[in-house]
Engineer: 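Pasting in a structure now, in structure tokens, and then I'll have a few things to ask.
Along the sequence shown, the residues carry numbers beginning at 1. The structure presented is a predicted model; accordingly, all values stated were derived computationally and were not measured.
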Amino acid sequence: MGKTSQSIIEKIHERSNKRPIPYNHRRKIIEDTQNCRYLTERPIDIPNKYNKVFASSWVTQDTVIVGTKCNKLLEINVLNGLKREVPLLRSPVPREVPDNSAGIHSIAINPSKTFLATGGHNVNDLALYTLPDYEPYAVGEFHHNWLFGVSWINDFVLCTGSKDGLVCIWTILDVQGFSNYEPSCGLYRKTPLEIVSNHDIDRIRDIHYSPACKKLASIGYGKERDEAVISLLDVNNVMAHRVVQLPQMRENMAVSGHDTMPVFAVGSLDHLMLVDDRDPATVDLTSAKLPDPAQGVRSLSFQGDIITVGACRTSLMFYDVRKRDYITDHLRSPIRRQLQYGFVADNYDFHQHRPTSLTLGKSFIHSIMTHCYDDSGLRLFAAGGPLTLELVGNYAAIWE
């Protein structure tokens, strides 16, 4: 039988567990470990007019869909570089659009890959498309502030979380009273099946549904005082949920869940936190400092027991849940994959000055604001842009 391809995570394990070798051969392996030659960066060109990639998802084996801060949906073919912009969905009923557009912060595809959920032209709205052709299907109207998170429960039901502090549960099915077809525009207008108002949470920053425990995790900030919390909601009984105060309060921006265990990861400015919900009586919280101070986690994902961490300071890192430690090289240093590419426009006036492409190591540092593995686990798409609000730019690459 032919040798099967290794996933990125398997290769990282293999390299990180190798014993030290004789000195006269050591230089090559040090270079392999520090530069991660087994994980190479292939830049993806995104036109300069698109500012900061906030969200992403693989649609097919060769295409990725991304959402940007400038409120655009862009499909990218990672093989030939072809791109097409997907029109945003507008409600057939005129609604006030927030002055300060937050952009598209979340993209989610249902398990059968027949529907895509994301934000709409109005950044408070939910937009639903049919796949693979991005045919407009429905606009979900209810949230009163920016849509920050979207997560599917199954092929027909999904959840959203918003800066308004609410979690909404929706269905793509044509349920009377919750769905109204508008023939003039060929769209359904939908309202939530269930609205979960958690009095302990003021702003929701991200959400993630875990099939392992059938719970929806949402991270946000408390109403009474500026504290960071995680809410674990039983989607089969919305009255049953836990709200746990997180030990790290600064910049909790991302949450993800283990594939088979009721364990969630939350990223903050200085720490990676694990929330273990396996004990019905209590929630176990552990916290691991990031290798570099104030590195800032912006994206998280699980591949088995390995958490991939996308950070603010140009790096990808990997954390082993079983060992409760970062995966290291043979020198016991956490493996960091440093970004080498990216685009940043002129810092003062994007419209009056000529944008320039540049490699990093200068004054501009990109953040990995989103990342996702393809179905095979052989390719990792990572994207983002400059963290500073005033800077315009983008970053995207395939790591393989």
Side-chain angles (χ1 to χ4, degrees), residues 55 57 88-93 95 104-131 135-183 185-220 230-243 255 257 262 264:
S57 181
L88 297 183
L89 300 189
R90 299 171 182 255
S91 170
V93 176
R95 298 176 65 212
I104 294 173
H105 282 269
S106 186
I107 297 173
I109 295 175
N110 67 343
S112 65
K113 296 198 171 183
T114 52
F115 280 88
L116 180 146
T118 186
H121 175 261
N122 185 322
V123 294
N124 301 349
D125 288 346
L126 167 69
L128 291 164
Y129 301 82
T130 60
L131 294 175
E135 288 295 326
Y137 180 73
V139 173
E141 303 168 343
F142 185 80
H143 286 299
H144 309 297
N145 211 323
W146 302 343
L147 187 71
F148 271 149
V150 180
S151 190
W152 289 88
I153 296 175
N154 56 40
D155 257 346
F156 310 104
V157 179
L158 68 156
C159 298
T160 55
S162 165
K163 193 178 177 183
D164 62 14
L166 300 176
V167 168
C168 291
I169 302 175
W170 314 73
T171 180
I172 62 173
L173 301 177
D174 187 9
V175 179
Q176 188 174 4
F178 300 96
S179 188
N180 182 34
Y181 186 70
E182 297 284 348
C185 59
L187 279 176
Y188 284 97
R189 291 180 63 207
K190 290 191 172 286
T191 53
L193 293 175
E194 194 82 45
I195 302 159
V196 182
S197 177
N198 192 321
H199 297 293
D200 296 309
I201 298 181
D202 182 43
R203 292 161 286 159
I204 291 176
R205 191 56 187 80
D206 196 13
I207 65 173
H208 180 87
Y209 174 71
S210 170
C213 58
K214 295 181 172 55
K215 288 186 178 180
L216 180 79
S218 55
I219 57 172
I230 181 170
S231 170
L232 302 176
L233 174 71
D234 185 341
V235 296
N236 294 317
N237 179 10
V238 296
M239 299 303 294
H241 66 273
R242 292 176 171 181
V243 177
V255 62
F264 297 91

Engineer: Hey, could you give me the SG/CD distance between Cys168 and Glu141, rounded to the nearest 0.5 Å?
Structural biologist: 12.0 Å

Engineer: Pick one: which of Cys159, Ser218, Ser151 meets side chain to side chain contact (heavy atoms under 4.5 Å, CB included) with Tyr209?
Structural biologist: Ser151

Engineer: Testing the basics here: between Lys163 and Phe148, what is the closest heavy-atom pair and its distance to 0.1 Å?
Structural biologist: CB-CE1, 4.0 Å

Engineer: Are any non-hydrogen side-chain atoms of Ser162 and Ile204 less than 4.5 angstrom apart?
Structural biologist: no

Engineer: For the CZ atom of Arg203 and the CH2 atom of Trp146, what is their distance to the nearest 0.5 Å?
Structural biologist: 11.5 Å

Engineer: On a heavy-atom basis, which atom in Asn236 and which in Asp234 lie closest, and how many Å separate them?
Structural biologist: N-OD1, 2.9 Å

Engineer: To the nearest 0.5 Å, how far apart are CZ in Arg242 and CG in Leu233?
Structural biologist: 12.5 Å

Engineer: Below 30° counts as parallel, above 60° as perpendicular, anything between as tilted: where do the rings of His143 and Trp170 land?
Structural biologist: tilted

Engineer: Roughly how far apart are Leu88 CG and Thr118 OG1, rounded to 0.5 Å?
Structural biologist: 8.0 Å

Engineer: Quick one: which of Ile153, Ile169, Leu128, Thr171 gives a side chain to side chain contact (heavy atoms under 4.5 Å, CB included) with Leu158?
Structural biologist: Leu128

Engineer: Let's go through Trp152 and Ile172 carefully: what are the C-alpha distance in whole Å and the side-chain angles of both, what is the deciding distance for side-chain contact (heavy atoms from CB on, under 4.5 Å) to 0.1 Å, and is it a yes or a no?
Structural biologist: CA-CA 11 Å; Trp152 289 88; Ile172 62 173; 3.7 Å; yes

Engineer: Quick check: do Phe142 and Thr160 have side-chain heavy atoms less than 4.5 Å from each other?
Structural biologist: no

Engineer: What are the two closest non-hydrogen atoms of Ile230 and Ala217, and how far apart are they?
Structural biologist: CD1-CB, 4.1 Å

Engineer: Step by step, work out the side-chain contact (heavy atoms from CB on, under 4.5 Å) result for Leu126 and Lys190.
Structural biologist: CA-CA 9 Å; Leu126 167 69; Lys190 290 191 172 286; over 6 Å; no

Engineer: For residues His144 and Asp164, is any side-chain donor paired with an opposing acceptor at under 3.5 Å?
Structural biologist: no

Engineer: So, for Leu131 and Ile109, which heavy atoms are closest and what is the spacing to 0.1 Å?
Structural biologist: CD1-CG2, 3.8 Å

Engineer: Quick check: closest heavy atoms across Val167 and Leu216, and the distance to 0.1 Å?
Structural biologist: CG1-CD2, 3.6 Å

Engineer: Rounded to the nearest 0.5 Å, what's the gap from CG on Leu187 to OG on Ser91? Could you check?
Structural biologist: 8.5 Å

Engineer: In terms of the angle between their ring planes, are Tyr188 and Tyr137 parallel, tilted or perpendicular, with boundaries placed at 30° and 60°?
Structural biologist: tilted

Engineer: So which heavy atom on Gly186 is nearest to which on Tyr181, and how close?
Structural biologist: CA-OH, 3.4 Å

Engineer: Using a 3.5 Å distance criterion without hydrogens, assess whether the side chain of Asp125 forms a donor-acceptor pair with backbone atoms of Val139.
Structural biologist: no

Engineer: Let me confirm one number: the CZ-OG distance from Arg189 to Ser179, rounded to the nearest 0.5 Å.
Structural biologist: 10.5 Å

